[in-house]
**Student:** 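Before anything else, here's the structure in question.
These values consider heavy atoms only, across backbone and side chains, with no hydrogens, waters or symmetry-generated copies.
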Amino acid sequence: MVRLKDDYITQKAAFDQAGIKVPQYSAQAVQEQTRTNPIWVHFGGGNLFRCFHAQLAQQLLNQGQLKSGIILAETYDEEVIDDIYQAYNNRILDVTMKSDGTFDKELLASVGASVYYNAANPEGWDYLTQVFQQPSLQLVTFSFTEKGYALTDINGKLTAAAQADIIHGPQQPVTNMGAIAHLLYARYQANQAPLALVSTDNFSQNGKRLQTEILRIAQGWLDHHLVDADFLNYLQDRHKITFPWTMIDRITPNPATTVAERLRVDGFEDYQILHTQKHTNIAPFGNTEETHYLVIEDDFPNGRPPLEQAGVMFTDRATVNDADQMKVTACLNPLHTALAIFGCLLGYTSIAQEVANTDLLALIKNLGYQEDLPVVKDPGIINPRKFLDELLIKRLPNPNIPDTPQRIASDTSQKMAIRYGVTIQHYVDNPQQKVSDLEFIPLIIAGWCRYLMGVDDHNQPMTLSPDPLLKQLQPQVTDIHLGANVDIHQHLQAILSNQEIFGNDLYAIGLGEKVEHYFAQLIAGPGAVLQTIRQTIQKYGKEA
C-alpha cells in the first residue's frame with residue numbers, strides 16, 4: 001500500500017507495484033526553488049488544474065525545463081487548501097481514464113506551494129502579495145470558472161461586492177478581480193515588473209474578459225483617487241502586462257467513487273473523496289480523460305516556461321480565437337450543455353449513458369453538424385469536423401469518464417451567451433444564413449427554461465445545479481404546472497429578452513417566439529420532454 005506523502009524515491013518499488021508513475025525530480029528541491037524563485041502562480045485549485053496544469057508542469061520538471069513549481073492560490077474554499085493540498089504535501093494522484101477501461105496513474109509533485117488567498121486570511125494574503133512583488137514571476141494562470149470574473153449582475157450593474165471593492169480601494173478587496181488587482185498594484189509599487197495574466201477558463205475571449213474586469217476595478221480606484229494614473233498605464237502597457245487569450249479542453253469530472261474503489265484495490269490508500277462545507281467535490285486524486293488541448297496566444301513580456309515541450313500550442317490571438325470559437329461556441333461546449341439540460345430533465349446521471357440514447361445522440365449531432373459547424377471558421381491548427389467526430393465517437397461515449405449532467409448544468413446562465421449566443425449572432429450577421437432556420441438551438445434554450453421549473457419529465461421535483469441567477473430566474477417559471485394552459489410569453493419574456501444572458505434580445509431577432517413554441521410542447525405533460533426531442537429530430541433532423 002502507498003500514500004501520496006510517501007517518499008517516492010526510496011519507496012519507488014511500492015509505487016511501481018501500485019501502477020503509479022513517480023516524478024523524476026526532487027519535490028524538496030522544487031519547493032525550495034518555488035520559495036526563492038517563483039515563476040508560476042495559478043488561481044483555482046479545482047479538478048481541471050489538478051489534472052491539466054499540474055500535469056503540464058510535471059512534464060517540464062521531469063525534462064529539467066522547469067525548476068520551480070506552481071504556487072496554487074485558492075480564493076473560494078479554504079478546506080481545499082487545508083484538507084487536500086497541504087494535508088498531502090501539495091501532491092496529486094493524476095488518473096487518466098482510457099476508453100479501453102485502463103487507468104494511467106501518476107503522482108504529481110509540481111505544486112511547489114499552496115495558499116488560501118482571501119482577505120479573510122491575512123497570512124495567505126500577505127504571502128501571495130510578496131510573491132507578486134518578485135520580478136522572477138512570469139505568468140499567472142486562472143481556472144475558477146465564468147462566475148469568478150463576475151462584477152456585474154443580471155442587469156449589467158455592478159454588484160454590491162464590486163462597488164465596495166472600488167470604494168474601499170486596493171487594500172483588502174473581496175471579489176476575485178479586486179483581489180487580483182490588489183496583487184498587480186503591489187507589483188506596480190514594488191518594481192513595475194512585466195507579467196502575463198493567462199485565463200484558461202472555458203469561455204470565449206477569456207483574456208479579454210479578464211483584462212476588462214481588472215481594468216474596471218483599477219479605473220474605479222483611479223476615479224476615487226485611491227491609485228495614481230500610472231497604475232492604469234502600467235496595466236495597459238503591453239510591454240508590461242498582457243492578457244493572452246487561450247482555448248482549453250479537457251473533460252475533468254468530479255472525483256468518482258468508482259475510481260476511488262479501483263485505487264483502493266490497486267493499493268493506494270488516499271482514495272477518500274472530500275465534500276466540503278462549500279460544496280466542493282475534490283479528492284487526493286483527480287480523474288480525467290486522455291484527450292486534451294491547450295492553445296495560448298504567445299504574448300509573455302517576462303518570458304515563460306517552454307510549455308510547447310508539454311504539448312501546448314502557442315500561436316497568435318486570431319488563431320486562438322478561431323480555435324476557441326470552434327470548441328466553446330460550436331463543437332463541444334454547446335453539445336455538453338444540451339446534454340446537461342436534458343440529462344437532468346430525463347433523470348440521467350452519466351453523460352456516457354446519455355449519448356447511448358439514440359434520441360439524445362441525434363439531438364447533439366444535429367446541433368453540432370447541422371447548426372454549429374456551418375458557421376465555424378477553421379483555425380488551421382485543429383480540424384473542426386475531426387474534432388467534432390472525435391468528441392462524438394470517442395470522448396463522450398467513454399463509459400470510464402464519470403461525468404454527470406448535473407455537474408455540467410452548473411452556472412448555465414453564465415454560459416448561454418457563449419455556447420449559443422455566438423452561433424446565433426453568426427446567423428444574424430451572415431446574409432447567407434437565416435436565423436429562422438435554427439431549430440435545435442431554440443429547442444435547447446426552451447429546454448433550459450423548462451429545466452428552471454425544477455421538475456423532471458416525470459413531473460417529480462429535481463435539485464437544480466448551482467447558478468448565480470437561479471433566484472432571479474426561477475420565479476418566472478416555478479408556478480407553471482405541466483399540462484396547464486398558461487400565458488407562456490408572460491412567463492418567458494423577461495428571460496428571453498435579456499441580452500446579458502443570450503447576447504441578444506431573442507424576440508428582436510425572431511427567435512423568442514420559436515423558443516416559446518418549443519417550451520409549450522415541453523410542458524404539455526409528463527413525458528413531453530423526450531417526445532418533443534423526438535418530434536423535432538423527425539421533422540428537422542439530418543444527422544442520425
Side-chain angles (χ1 to χ4, degrees), residues 25 28-44 53-54 56-57 60-61 63-75 90 110-115 117 122-142 170-173 176-200 207 210-211 214-215 217-218 221-222 227-244 246 296-310 312 314:
Y25 54 86
Q28 184 176 356
V30 166
Q31 291 168 5
E32 178 61 21
Q33 279 290 316
T34 305
R35 186 183 68 81
T36 60
N37 190 46
I39 291 173
W40 184 351
V41 170
H42 182 89
F43 285 91
H53 305 75
L56 295 174
L60 295 188
L61 287 164
Q63 298 168 16
Q65 302 274 5
L66 184 65
K67 301 298 183 183
S68 178
I70 303 175
I71 298 172
L72 184 280
E74 169 65 29
T75 63
N90 294 318
S110 56
V111 176
S114 61
V115 60
Y117 176 64
E123 183 179 357
W125 188 267
D126 293 343
Y127 164 73
L128 204 62
T129 301
Q130 292 171 13
V131 168
F132 265 72
Q133 293 171 331
Q134 302 304 309
S136 62
L137 187 64
Q138 293 182 329
L139 75 160
V140 182
T141 51
F142 302 82
Q171 294 309 309
Q172 289 189 320
N176 280 339
M177 296 297 99
I180 305 303
H182 157 82
L183 294 171
L184 291 171
Y185 187 57
R187 190 172 181 85
Y188 160 76
Q189 289 183 307
N191 46 42
Q192 299 191 27
L195 189 64
L197 291 97
V198 188
S199 170
T200 58
L210 176 60
Q211 180 179 25
I214 293 294
L215 290 177
I217 292 287
W221 289 345
L222 178 61
V227 298
D228 58 78
D230 281 344
F231 176 50
L232 256 71
N233 295 335
Y234 169 67
L235 295 179
Q236 295 173 304
D237 182 350
R238 288 185 67 89
H239 297 289
K240 294 287 188 178
I241 299 295
T242 60
F243 299 86
T246 70
I296 302 180
E297 177 188 2
D298 200 356
D299 193 5
F300 291 78
N302 202 28
R304 61 169 175 79
L307 286 161
E308 62 272 22
Q309 300 299 321
V312 176
F314 286 95

**Student:** Without swapping roles, check the side chain of Thr34 against the backbone of Ala113 for a donor-acceptor pair under 3.5 Å.
**Tutor:** no

**Student:** Side chains of residues 63-71: which donor-acceptor partners sit under 3.5 Å, not counting sequence neighbours?
**Tutor:**
| from | atom 1 | to | atom 2 | distance (Å) |
| --- | --- | --- | --- | --- |
| Gln63 | NE2 | Gln309 | O | 3.2 |
| Ser68 | OG | Asn37 | O | 3.2 |

**Student:** If the condition is ring pair (Phe, Tyr, Trp, His ring centres under 6.0 Å), which residues does His53 pass it with, not counting sequence neighbours?
**Tutor:** His42, Phe49

**Student:** Are any of the side-chain heavy atoms of Leu184 and Leu197 separated by less than 4.5 Å?
**Tutor:**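 Yes, side chains in contact.
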
**Student:** About how many Å separate CG of Asp237 and CD of Gln192, when rounded to the nearest 0.5 Å?
**Tutor:** 9.0 Å

**Student:** Can you sort out the partners of Asn302 under side chain to side chain donor-acceptor pair (under 3.5 Å), two or more places apart, ordered by chain and number?
**Tutor:** none

**Student:** For Thr129, check side chain to side chain donor-acceptor pair (under 3.5 Å) against everything at least two apart and list the hits.
**Tutor:**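 Thr129 satisfies side chain to side chain donor-acceptor pair (under 3.5 Å) with His182 once adjacent residues are dropped.
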
**Student:** Does any donor atom in the side chain of Thr75 or Asn176 lie under 3.5 Å from an acceptor atom in the other side chain?
**Tutor:**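 The answer is yes; a qualifying pair exists.
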
**Student:** Asn191 side chain to Gln134 main-chain N or O, any donor-acceptor pair under 3.5 Å?
**Tutor:**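 A pair under 3.5 Å: no.
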
**Student:** If you take all heavy atoms of Leu195 and Arg187, which pair is closest and at what distance?
**Tutor:**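 Looks like CB-NE, 3.8 Å.
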
**Student:** Can you list everything that forms a side chain to side chain contact (heavy atoms under 4.5 Å, CB included) with Leu222? Sequence neighbours excluded, please.
**Tutor:**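 Applying side chain to side chain contact (heavy atoms under 4.5 Å, CB included) to Leu222 gives Gln219, Val227, Ala229, Leu232.
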
**Student:** Using side-chain contact (heavy atoms from CB on, under 4.5 Å), reason through Val131 and Tyr117 one step at a time and then give a plain yes or no.
**Tutor:** CA-CA 12 Å; Val131 168; Tyr117 176 64; over 6 Å; no

**Student:** Which heavy-atom pair separates Ile217 from Ala181 by the least distance, and what is that distance?
**Tutor:** CG2-CB, 3.8 Å

**Student:** Using modelled atom types and a 3.5 Å cut-off, is there a donor and acceptor pairing between side-chain atoms of Arg304 and backbone atoms of Gln138?
**Tutor:** no

**Student:** Kindly say whether Ala54 contributes a backbone atom to a donor-acceptor pair with the side chain of Ser110 at under 3.5 angstrom?
**Tutor:** yes

**Student:** Run the side chain to side chain donor-acceptor pair (under 3.5 Å) test against Tyr25 and tell me which residues pass, sequence neighbours left out.
**Tutor:**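 Here the qualifying residues are Gln58.
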
**Student:** Where is the tightest heavy-atom contact between Leu60 and Pro305, given as atom of each residue plus distance?
**Tutor:**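 Closest heavy-atom pair between Leu60 and Pro305: CD1-CB, 3.8 Å.
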
**Student:** Can you name the nearest heavy-atom pair linking Ala179 to Pro173, along with the distance?
**Tutor:** N-CG, 3.7 Å

**Student:** Evaluate the side-chain contact (heavy atoms from CB on, under 4.5 Å) criterion for residues Leu307 and Trp40: first the C-alpha distance (whole Å), next the side-chain angles of each, then the deciding distance (0.1 Å), finally the verdict.
**Tutor:** CA-CA 12 Å; Leu307 286 161; Trp40 184 351; 4.1 Å; yes

**Student:** Should we say atom CD of Gln236 is surrounded by more than 12 heavy atoms from elsewhere, each under 6.0 Å from it?
**Tutor:** yes

**Student:** What's the verdict on side-chain contact (heavy atoms from CB on, under 4.5 Å) for Leu128 and Phe43, showing C-alpha distance, side-chain angles and the deciding distance?
**Tutor:** CA-CA 11 Å; Leu128 204 62; Phe43 285 91; 3.6 Å; yes

**Student:** If I take atom CZ from residue Phe231 and atom CH2 from residue Trp221, how far apart are they, to the nearest 0.5 angstrom?
**Tutor:**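 Interatomic distance, Phe231 CZ to Trp221 CH2, rounded to 0.5 Å: 6.0 Å.
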
**Student:** Looking at every non-hydrogen atom in both residues, tell me the closest pair between Ala193 and Ile241 and how far apart they are.
**Tutor:**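 Heavy atoms only, the tightest pair is O-CD1, 4.5 Å.
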
**Student:** Where is the tightest heavy-atom contact between Gly44 and Leu72, given as atom of each residue plus distance?
**Tutor:** O-CD2, 3.8 Å

**Student:** In Å, rounded to the nearest 0.5 Å, how long is the span from CG of Leu210 to CG of Leu215?
**Tutor:** 9.0 Å

**Student:** Sequence neighbours excluded, which residues qualify as side chain to side chain donor-acceptor pair (under 3.5 Å) partners of Asp228?
**Tutor:**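 Side chain to side chain donor-acceptor pair (under 3.5 Å) list for Asp228, sorted by chain: Tyr188.
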
**Student:** State which residues pass ring pair (Phe, Tyr, Trp, His ring centres under 6.0 Å) with Phe243; sequence neighbours excluded, sorted by chain then number.
**Tutor:**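 Applying ring pair (Phe, Tyr, Trp, His ring centres under 6.0 Å) to Phe243 gives none.
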
**Student:** For the pair Thr246 (side chain) and Ile296 (backbone), establish whether a donor and an acceptor sit closer than 3.5 Å, ignoring hydrogens and angles.
**Tutor:**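 Not confirmed, Thr246 side chain does not pair with Ile296 backbone.
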
**Student:** Rounded at 0.5 Å granularity, tell me how far CZ in Phe132 sits from CD in Gln189.
**Tutor:**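 Answer rounded to 0.5 Å: 14.5 Å.
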
**Student:** For Asn90, which residues count as a side chain to side chain contact (heavy atoms under 4.5 Å, CB included) partner, sequence neighbours excluded?
**Tutor:** Tyr85, Gln86, Val111, Ser114

**Student:** To the closest 0.5 Å, what do you measure between NE2 (His239) and OH (Tyr234)?
**Tutor:** 14.0 Å

